[in-house]
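Take a look at the structure below.
Quick note on labels: first sequence line is chain A, next is B, and so on, each numbered from 1.
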Amino acid sequence: MIIIDAVRTPFCRMGTDLAPLSAADLGRHASVSLLARTGIDPAEISEVIFGCVAQPADAANLARVIALRSGIPERVPASTVHRNCASGLEAITSAAERAAGGHGDLFLVGGVESMSRIPFLYHPATAAKYTALARAKSLGRKLRVVSTLRPRDFSPLVGLKLGLTDPITGLNMGETAEILAREFEISREEQDAFAAESHLKALAARPALDTELAPVPVNGHAVRHDNGLRDDSTCERLARLRPVFDRHCGTVTAGNSSQITDGAVALLVATEAKAAQLGVNPLGRLCGYAYTGCDPKRMGLGPVLATAKLLADLRHHPADADVIEINEAFAAQVLAVLKAFRDPKAAARAGLDHPLGDIPRDRLNPRGGAIALGHPVGATGARLVQTALAQLKESGGRAALATLCVGGGQGAAMWLESLN
Amino acid sequence: MKNSVPSAFRLEVGEDRIALLTFDQPDSPANVFNLATLEELDERLREIEAAQNLAGLVIQSAKPSIFIAGADLKTLSTAQANELSDLITLGQNVFGRLASLAITTVAAIHGACAGGGCELALACDWRVASDSPATRIGLPETRLGIIPAWGGSTRLPALVGLPTALGIILSGNLLKPVAAMHKGLVDEVVPPECLLAHARASLTKGKRRTKRRFFLHNPIGTALITRRARATLRTRTRGNYPAPFKALEVASRSVSTTALLSRRNEREAILDLAKRPETKNLTRMFFLSEDARKLRIPDATPAAVHSGAVVGAGVMGAGIAYWLSARGLHVILQDINADALAQGMKRIESHYAQAVKQRVMSKVDAARGLDRVVPASGSIPLKRMDIVIEAATEDLDIKRRIFEDLALRASPRTILATNTSALPLRKLASCIPLPDRLVGLHFFNPVPRMKLVEVVRADSTSAHTLATAVQFVQRLGKLPVVVADYPGFLVNRILMPYLVQAGTLFEQGGDPVAIDRSMLDFGMPMGPLRLLDEVGLDVALHVAKTLSSAFPNRLSVPLLMESMVRGGYLGVKSGAGFYLYDQRGPRPTPPALAMRGASRALPDDLGLQLARTMVAEARRCLEEGVAESPDHIDLAMILGTGFPPFRGGPLRYGLEAGLFRPHHTPEAMPVELGDLHSNPVSL
């Protein structure tokens, strides 16, 4: 599958510049900017597939809403996919599977997340009371229902918290990172250093990052930049933060975790034949992918098994990749994965017979990662593909590996090549 | 009955004994009332009167989106006095026959139901309308200088009450179905597929009983209502338009007199109005607008326009992008940087918000319209665009660079249009390959409100490009006037000497309020100094300078205006110009007043003198061939500047005021209009 081009919105921390926009707005913006940039006729598209985790209640099948709002003809079908943090990747691989099955040759795909707009929810018991209230016909009956309301009914459930908590184990994502930090002996200092480095790389790559995005007009001014990057994320400052998931002896803080962010990424992918027919100058090629499952309590290790499977399928070695994008869900989690790649004991702990091979740090997340840029969960997978290919084009590299851990205990990995 | 002429009405009676009368005028897209169709309707009604055991009558139209468009205006405007009188009487009698049928009658209204069509519907007991976007109901006669004289001015007040009836008749608005239902003009609104069924069902309601309105229609109530309406009319029309006053008189008298006498009042009023030049001018305006709406360029096949780009997200660019997207086009909005684009998008959002507020469109339609605008900075491909409209800064070098760039990015068949108001197109044509694609599309500010678009034909513009541009303008719901590539084109060229003269009068010490009032009395919607403030003194100065260099001996820019612009007095956009704009309302700006010369008195006929300046310039435009005919010039000035429609436009006004002879021979004019230098306005 050929990846023709990609555009994303700026990634902004929840509750800031992009908060006024809905997930559909964000997805639409990335899509129309991409279509304008490539000049491709929307009528050529076979299907629209977008990934989204917190699928908005008022935009059922978000991909369809984005498609119709982006001027794509009604007769083009659309589908929304969900593989937690790898939803953005899932959209791309779903398109590849459609094409392989003969169901289309050009796809608009991507990932979207508006974490600012994840709703608050009523407890089911409270919702039942409201339903009873709506059904109560007389004033007397209504008053009776009202009298059953308790203080608990007025404090809603926070959807965001629910979404980031694994229902099988009852642990939230940060708690799984704490487990990895302990088991793989990742110190607080190492995590903070990794976080500081992420910001430094992102800041240095700011001009390059700006070429990945299309500025979004919000209320009369243009949102032009990713706003998660900080120029004051030094190890000293990070060291002062208190651990957020385990107050007592934890090491994972807000500073060495990915940020909660709004953003969308759109890509146009096509079969080789279609790309040739369109006469475009593409970004690269999807060569292979793998999805694997693992222990939900240690979801952060997902990339290990997924990459192992991918490399085995393609008979590649990590060093064959010129750019390696590992999503920075948590510094502890990435560092645990890196350890598993190089250290036999860690590899065994992660379920491998032997380590896959050390990853050169200068090839890892060269433009920074989610710790600096943010992690709009449904979109990140797509961003990794975009940035990896953009970096290959810029540096003249040949191959890239993109991999993510997935909440709920999965891993996703993808091998990409440039067309240089 | 004339059997040789195919019939316009079809009468069928079904097994349920319901008579269905279908109006389907042959060889015409619309149903209109003229002598022939009225006589035929009369025949049919007689047949219905004579028929036995009918359960009721339903009247419908067979046209896809028109119920009845009203009276045939061509007949109406060319009829002699006695012909007109007969036509009025005939219509009154026919509708009177309908209203006095013993059986219950229902009008099933789908599509446009205006004027005489509405009056027919009013003569029925019940009215059911479809909720189609094509359905509109109203009495626009006063806009044409006449009144509803086929019983409408009598039946409507009786049906909905005098105040509501006056609102409908005096505004002349065509109402959407639900609005009409709220006012009582129609009884039910249903989907088009259910229209006939519901019309039939309405027959079971029986004949309608007129509601007695004691509180409204007693002498005191009526007097209060009428007095208020008259005051509003006076302010609005400044005494220039007699038709609304006549309509007010007839309608308010109808509630306290017999139907027969009221019909006589209607007839007398319309016969009186028909003689007046104001009415003839208003009717002419209607025909000129229709001509512009249907204008075709000979020997050229226009191409359809589905997608476009607008370059420049300023006030005009945003306005144009809004309008295009609201009419269903996908628009790419381009500007040099993301901030300019963001501001442009905000302007477009407020246009849509305004439209929703004014109930011009629903929230959903506004959201979908906004989605059709794609902001994009950067050099994106424009190969698939059917048209690109440049609305960037009024600077020749900037425009040249933009067009050089556009010419490369667009396809050979993309129309390249410019919204320039003052720069010559030929200077843009010389810097692009395939300049046959170039045309001017000069929109007016504010874009949503101004119907005129000057379509500027450069020497290089091909017939195909021109035809495509004209059809595009028509498809947007605007009215095109084709003009030549001369400085200032048509409207700005004619306006400028007039505005400069007003500015000069101010400079010489004239009272700004008096200057403006003289033109308001003449019938302009806004005085010249106020207009300068609205346009922006900097913009006006720029246009004035361009014209001044093109016509060096005729036009010189008042120094005062340059001083005002330098001092930051730009008009509305800077908060102050000739007038100060704040919560207290516009009043003359003290510092500007101080810049004048010694205070001087103004002549009594100042309005006429200023108007004659416009007439003289219009005359020059005609002679130079800026526009193709005096009709086009008049239409453009009325639509583009609000030149009083009742005066017919500058050339018609000049003709009627005896300022020149009808045949445009370049001979000396009876009154020396000359130029400002040799004929300064004496104070």
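- Within 6.0 Å of CZ in R230(A) there are 12 or fewer heavy atoms belonging to other residues, nucleotides or ligands.
- The two atoms that bring V373(B) and R28(A) nearest to each other are O-NH2, 2.9 Å, heavy atoms only.
- Of all residues in residues 32-47 of chain A, those placing a non-hydrogen atom less than 4.5 angstrom from a non-hydrogen atom of chain B are V32(A), A36(A), R37(A), T38(A), G39(A), I40(A), D41(A), P42(A).
- Taking NE2 of H330(B) as the start and OG of S70(A) as the end, the distance is 10.0 Å to the nearest 0.5 Å.
- Residues of residues 336-356 of chain B lying under 4.5 angstrom from chain A, judged on non-hydrogen atoms, are N337(B), A338(B), D339(B), A342(B), Q343(B), M345(B), K346(B) by number.
- Contact annotation for L382(B): neither backbone nor side-chain heavy atoms come within less than 4.5 Å of a heavy atom of chain A.
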